[in-house]
Amino acid sequence: MTITLNRRAFCGGLAGAAIARPAWAATDPLIAQKASVQLAPEGYPATPVWSYGGSIPGPLIRVPQGGRVTRRLVNDLEVPTSVHWHGIRIDNAMDGVAGLTQDAVPPGETFDYDFAVPDAGTYWYHAHTNSMEQVARGLSGVLIVDEATPPDVDRDEVLMLDDWLLDPDTGSFVEPFTHPMMMSHGGRTGNLIGVNGQYAYRMQAETGERLRLRLINAANARIFGLKLDGMTGWTVALDGMPLDTPEKVSGEIVLAPAQRVDLIVDITATDGPAGLLMSLDGDTWEALVDVSITGTRPPRDTAPAPLPANPNTALPDLSQARALDMVMEGGAMAGMDSALFQGDRLDFRALIDRGQFWALAGQAGLSETPFAELSRGEVVRVRLDNRTAFPHGMHLHGMHFREVRADGAMGPLRDTILSIPNTPLEIAFTADNPGKWLLHCHMLAHAASGMTTWINVS
Ligand code: C2O
Ligand code: CU
């Protein structure tokens with residue numbers, strides 16, 4: 001295959017170093033490739049995955065705030081693919097959405113991603129071509145943008161939470177990925193839960209140590225309910241964006257698919273147990289991350305300072321806002337009468353026959369015209385009215401938004417928000433990033449079966 005030669009040549013260029021080289025040699029290529037990874041516990045077979053660079057998660061990409069991410073995607077898979085940089089307020093041409101912002105990259109070809117990162121924080125990247133299958137097979141990784149002045153912590157740890165639906169006898173992913181039951185219900189939920197690509201993830205820490213924990217939910221559909229064990233903590237950022245004031249963690253941390261939370265925690269346990277617990281059914285808690293205590297150091301006795309604010313995060317001026325309504329409907333147990341699909345109005349039966357179970361504002365899947373045409377700088381508020389029987393993690397590309405609470409107060413900046421059945425919520429944002437931006441459910445089976453729309457900012 002010619003791609004092998006190309007890639008070798010490219011790597012050769014890297015080894016040649018020192019002499020002037022094209023910008024694309026400045027960083028390693030990001031290679032989408034097959035690999036075999038031990039996701040299941042020891043004793044079970046390894047899993048054939050699709051990966052970035054042969055590992056799950058893919059390589060950690062880390063850049064300073066205000067810098068650039070410069071990566072050549074090399075597609076060594078047998079299917080077209082593209083990379084989306086989730087949560088980055090990015091140049092639209094680099095957003096990675098096949099069919100909207102770029103053509104999918106065919107097997108054997110490359111695409112050069114090169115973009116500025118205005119905001120510090122915890123982000124991630126994942127495939128955005130047939131993502132329901134490609135992300136489930138392993139195409140995701142962590143992207144961290146570092147503050148110029150990092151917070152006062154002893155260590156900074158990334159915890160990428162994921163789940164995989166595997167056949168325990170073969171280690172392979174259960175197919176098909178387009179199972180109607182998954183699409184019409186809660187999405188594809190795994191039977192094996194892990195962190196950073198490992199089942200039963202373990203860490204070490206000392207009593208009194210202060211850690212920054214960057215939690216990322218990379219699962220296709222699972223909503224994680226988490227509790228701290230043997231540590232006290234503060235939430236310092238959500239979806240990459242710092243909170244004005246760190247918020248003491250009490251009770252459950254809920255992390256919908258694609259959401260992130262940055263915690264600063266102090267280890268209080270003296271000999272264990274410590275770690276992160278997850279709720280399996282709302283009642284029983286199980287260890288997700290196990291921290292073993294290896295020593296003691298004097299604890300800090302003050303709450304952490306807020307992270308430095310990112311630029312351009314003023315509250316949207318709601319007095320000028322354009323109000324839009326988005327009814328979310330469909331799925332098992334609620335259904336819908338009809339929706340538009342590829343220009344035709346179809347009843348629920350006919351939609352299901354075309355693999356469409358959901359609709360946003362009366363439209364199943366992408367339409368020629370956007371859900372909203374916004375002029376640059378316009379303030380918009382969107383009411384998300386979940387008339388389905390399921391929760392949905394709704395994600396907007398390119399811009400962060402805030403929840404407008406019932407009393408008019410505005411919540412923290414987010415790029416993904418959990419919408420609960422029969423509990424309408426409203427989000428508001430300033431449409432200050434030009435381009436075509438997706439707004440979709442991050443339960444990826446839902447996104448693939450109707451819950452995807454887009455807005456245009458010009
Ligand atoms: Cu995390 Cu449309 O993506
Ligand atoms: Cu959904």
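In each ligand, atom 1 is the first atom listed, and ligand 1 is the first ligand listed. Just so you know, these numbers come straight off a predicted model, no measurement behind them. Values below: all heavy atoms of this structure, side chains included; hydrogens, waters and symmetry mates excluded.
In H446, the N, O or S atom that comes nearest to the Cu ion (ligand 2) is ND1. Within H392, the N/O/S atom positioned nearest the Cu ion (ligand 2) carries the name ND1. Looking at H397 and atom 2 (Cu) of ligand 1 together, the shortest N, O or S contact belongs to NE2.
For H440, the nearest N, O or S atom to atom 2 (Cu) of ligand 1 falls under 2.8 Å. Among the atoms of H84, none of the N, O or S atoms falls under 2.8 Å from atom 1 (Cu) of ligand 1. At least one N, O or S atom of H128, from either the backbone or the side chain, sits less than 2.8 Å from atom 2 (Cu) of ligand 1.
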Apply side chain to side chain contact (heavy atoms under 4.5 Å, CB included) to M231 and L211, showing your working.
CA-CA 10 Å; M231 45 178 119; L211 310 178; over 6 Å; no
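Between the ND1 atom of H86 and the NE2 atom of H442, the angle centred on atom 1 (Cu) of ligand 1 amounts to 100° when rounded to 10°.
Ring orientation note: the planes of H84 and H126 are nearly perpendicular, at an angle over 60° on the 30°/60° scale.
One finds no salt bridge joining R354 and D344 here, because no Lys/Arg side-chain nitrogen approaches an Asp/Glu carboxylate oxygen to under 4.0 Å. Of the charged side-chain nitrogens involved, none lies within less than 4.0 Å of a carboxylate oxygen, so that D407 and R405 do not count as a salt-bridged pair.
In this structure, H442 has its ring center closer than 6.0 angstrom to the ring center of W124. Ring-centre distance between H440 and H397: below the 6.0 Å cut-off.
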